[in-house]
Amino acid sequence: MKHRLHSRRGFLGAAGAGLAGWIATPPAAAAGDQNPDLMVVNARVYTVDARVPKAEAFAVQAGRFAAVGANAEIRAMSSKGVPVFDAKQMTIVPGFIDCHNHAPGNTLLYEVLVGNPYEVEFVSISSIIDKLRAKARQTPPGMWVEGFFFDDTKVKDNRQLSRRDLDEVSADHPVAVRHRGGHTTFYNSKAFELAGITKDTPNPAGGTFDHDASGELNGRVTDRATAAFNRVGKRPVFSEEQRFERDLNGLAYISKQFVRYGVTSVHHEGGNLAALQQVRAHGDLLHRVSYEANGRALEAMISGGVMTGFGDEWIRFGATSEHTVDGSFSERTMALSTPYPGVVPPYKGNLTTTQDDLNAWVERVHRAGIQVNCHANGDVAIDMYLTAVERAQRLFPRPDARPKITHCTLINDDLVRRIKAAGAVPALFTSYAYYNSDKFVFYGEELMKRCMAFRSLLDAGVPVAAGSDFDPGPFDPRMAIQGMVTRTGWDGKTWGANQRISLEEALRVNTLNGAYNSREEALKGSITPGKLADFVVLADDLFTVAKDRIKNIQIVRTVVGGRTVYQA
Ligand SMILES: [Zn+2]
């Protein structure tokens, strides 16, 4: 134990030294000493461990929980020099786990943000135009001017952003405003001109160039149709060193944001793996990473024999990145078996792959010993993915493969049965019930009763987890939990109340079930002796505060491996 503790301490020493508050310091005594490094007493501890659901105190040793129990029991372990944290009846829960996050951080740090990444905030179209104009003034003509974190239902003007609006930014620059959902982008006339798209251009497979009532391009482009714009216009060119530097800074930046919200483990959708390791070596990685590989990294895993689970408690290869089967829930392009209510001509969303291609992809990854993970929102997409999974498991059985379903938004009874039978691990949208309640009118109550179906899936015994999908969704677990237990949004509207879950369940979804999702349930996700000492101190009791105030509970302290990584 002692040896391992020293090696970990050495690795993170630099960061530890700079952090305020108590830090789990290695015991000063000689080898074999079993004293705790830290004791926490007088807390309302919700452990998410069914054997001991509530406790008053716990001890941490070598970065792990050593004992959990009553104040007197833990105090009895005391010896001189062990720091004791008196929680003064504050609430402590396991660190939150986000199972789906696009987390490079570079956008937050370097790009023009035309919406609020973290909270519900309405912006005006003129503010978007102003920000992009300022950017255009510093940008050579012909080069892209882009805005990020746009949300089409958080616009004060109460109308769609249009091509004409973006023409006001510049006639000399291609302009793009990217929806935070990632599946739709709004372009100006210059961008359409460069891409060679006119009002008569037919839609490609899996995407659309949208038109207004008079048949003109309105500027909105969905899913695969955006590819036409990626090939044209000039973009900034960075040297290898510059790119790496930006990736380092972006990851270090977002790591600070995660722990500020009590998130201690995050499943990263790809990103610069070398930079991630460097950020850790610098002591700037404050959260734990389940790295979900795509592209070259996934190919290297397959060819090099690297399977899910390889790595350590800070950076570990998890499932693959989401392999996309259909469009977006928030941007209303997910693949439905019935047409979208009220849309003319009838529209059933976008599929972005075929069953044959999907079967082949799933089979190849599954056979390589890697946990498969597909983005499937609509019932049609979930059905296709399950078909591919069932086929792969039949041809090449592997016990407990835990195929991951990212989003898994619209279910029906048959799909739930198949999800359970396949041992699949869905990661549903977390903050959407609160944040995106303004979009559910596009689906209507009947469909919303089957969307983000935490209740149905838990009732079927499926260990459903939480996946914020940041950038698309805010990753604040308090917002997530409030939405899961109330199904009521920022606008006071409630959708699909039949899918409400209890607070206890919502806490488990955001902690232990997240650990299960990446096959790490023996290592983290609950306050249990032997598990990693990742926990969050909350100013108010999650279980007694009014349900519509959960998202306002202050995060007082975030601790990872016994070390304070955030303090209010
Ligand atoms: Zn995603």
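Numbering of ligands and ligand atoms starts at 1, following listing order. All residue numbers in this chain count up from 1 along the given sequence.
F429 has its ring centre no less than 6.0 Å from the ring centre of Y434. For W495 and Y432, the ring centers are positioned 6.0 Å apart or more. F470 has its ring centre less than 6.0 Å from the ring centre of F149. Ring centroids of H100 and H375 are separated by 6.0 Å or more, keeping the two rings apart. A distance of 6.0 Å or more separates the ring centres of F96 and Y261.
With sequence neighbours excluded, the residues that form a ring pair (Phe, Tyr, Trp, His ring centres under 6.0 Å) with Y347 are Y340.
For the Zn ion (ligand 1), the set of protein N/O/S atoms nearer than 2.8 Å consists of H100 NE2, H102 NE2, E322 OE2, D469 OD1, ordered by chain and number.
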